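Here's the structure, in structure tokens; my notes come after.
Excluded from the calculations below are hydrogen atoms, water molecules and symmetry mates; all remaining heavy atoms, backbone and side chain alike, are included. Note that the structure is a prediction, hence the values are computed from the model and not measured.
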Amino acid sequence: MNILLLGGIAESKALAKRLIERGDRVIYSIVGLVRTPSLDCEVRTGGFSREGVDGVDGMAEFCSQRNIELIVDASHPYAEDISAHAMAAASVAGIECWRYLRPGWNADNYAGWYSVSSMDELWPLLSTFRRPFFTIGASALDYTDQRLPQQHWIVRTAQSMPQVEGVTQVNRIGPFYYDDEISLMAEYAVDAVVSKDSGCQRVAAKLDAARDRKLPVFIITRPELVDAHCEFSTPDLLVDALCDR
């Protein structure tokens, strides 16, 4: 089967390998801002839009040109635009879009966990803290106008971004380990952590470190994604379903 796999997380690479081993012809598509995986298939970086053509029509056109029979959305749980474009492109191309959606973290495992549905809901809760640590990537820098005068933000990003007054950037690429997270929180005197519910155990060390340092963690809840034709909570279930077709 010809499959367009929209990746960007660890499981999507593992899923691509499984599909290749199964004999499927896989085209692995990622944004490619940080790193490009090494896979035994075509790896496509960048989006599908171009001058005069938006991402939905560009993806649908690509699927038609490459005889794609199935889109597999294995992107990040917060990549809502990519997921929406995938479903819309599948509809235009007349094919199905399946989704692997990584399960979220179990809040019961962490004391001091507070869920917020939006950044607007976050700011009043964060107002009493002086050195919050943002682990949501460079997107945190879009909100620096919300930084209070008494606050100094620590923002972890994969890429170096323009410097902003009152913000320390920590430019590192994961995975991040428990001892490193403990050291970072101590070094920067972090008193609160802001995160997303990515669900990846490889990055759960920050939650463990925050718990052990007795720091509150503010989790921005996942966006509502458009419904896919089929949704799977593990790569194995998705591969099994393909075998049953």
Charged N-O contact under 4.0 Å between [X] and [Y]:
{"X": "Asp236", "Y": "Arg18", "answer": "yes"}
{"X": "Arg99", "Y": "Glu231", "answer": "yes"}
{"X": "Glu61", "Y": "Arg66", "answer": "no"}

Candidates Asp212, Leu215, Asp191 - the one meeting side chain to side chain contact (heavy atoms under 4.5 Å, CB included) with Met185
Leu215
For Tyr143, all residues meeting ring-ring contact (aromatic ring centres under 6.0 Å, His included), sequence neighbours excluded
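ring-ring contact (aromatic ring centres under 6.0 Å, His included) list for Tyr143, sorted by chain: Trp123.
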Is there a path of hydrophobic side-chain contacts, each under 4.5 Å between heavy atoms of I/L/V/M/F/W/Y residues, joining Val43 to Leu15?
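As far as the 4.5 Å side-chain criterion goes, Val43 and Leu15 are connected within one cluster.
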Joint hydrophobic cluster, Tyr100 plus Leu70, side-chain heavy atoms closer than 4.5 Å
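Both belong to a single hydrophobic cluster.
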Can Ser49 and Asp54 be said to form a side-chain hydrogen bond (donor to acceptor under 3.5 Å, both in side chains), step by step?
CA-CA 5 Å; Ser49 62; Asp54 64 19; over 6 Å; no
Using only atom types and a distance under 3.5 Å, with no angle test, would you say the side chain of Glu69 pairs donor to acceptor with the backbone of Asn2?
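Yes, because the side chain of Glu69 sits within donor-acceptor range (under 3.5 Å) of the backbone of Asn2.
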Just by distance, do the side chain of His229 and the backbone of Cys97 share a donor-acceptor pair under 3.5 Å?
yes
Check the pair Ser198 / His76 against side-chain hydrogen bond (donor to acceptor under 3.5 Å, both in side chains), numbers first and verdict last.
CA-CA 8 Å; Ser198 70; His76 195 277; 4.9 Å; no
Candidate pair Met59 and Leu6, rule side-chain contact (heavy atoms from CB on, under 4.5 Å), full reasoning
CA-CA 11 Å; Met59 190 186 302; Leu6 309 178; 4.2 Å; yes
Which of these, Arg213, Lys206, Arg156, sits in a salt bridge (charged side-chain N to carboxylate O under 4.0 Å, His left out) with Glu181?
Arg156
Heavy-atom count check: over 12 atoms from other residues, nucleotides or ligands less than 6.0 Å from Arg130 CZ?
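Incorrect, the count does not exceed 12.
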Counting only heavy atoms not in Glu187, do more than 12 fall under 6.0 Å of its CD?
yes
Go through the steps to decide whether Tyr28 and Glu42 satisfy the test side-chain hydrogen bond (donor to acceptor under 3.5 Å, both in side chains), and finish with yes or no.
CA-CA 6 Å; Tyr28 187 88; Glu42 179 181 343; over 6 Å; no
So, do Phe129 and Ser127 sit near enough that their side-chain heavy atoms are less than 4.5 Å apart?
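A side-chain contact is absent here, since even the closest heavy-atom pair is not under 4.5 Å.
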Would you call Ile71 and Trp98 a side-chain contact if the rule is heavy atoms closer than 4.5 Å?
no
For side-chain contact (heavy atoms from CB on, under 4.5 Å), just list the numbers for Phe133 and Thr135, CA-CA rounded to whole Å, side-chain angles, deciding distance to a tenth of an Å, and then say yes or no.
CA-CA 6 Å; Phe133 174 31; Thr135 69; 3.5 Å; yes
Side chain to side chain contact (heavy atoms under 4.5 Å, CB included) against Ser183, all qualifying residues, sequence neighbours excluded:
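Counting only residues at least two positions away or on another chain, Ser183 forms no side chain to side chain contact (heavy atoms under 4.5 Å, CB included).
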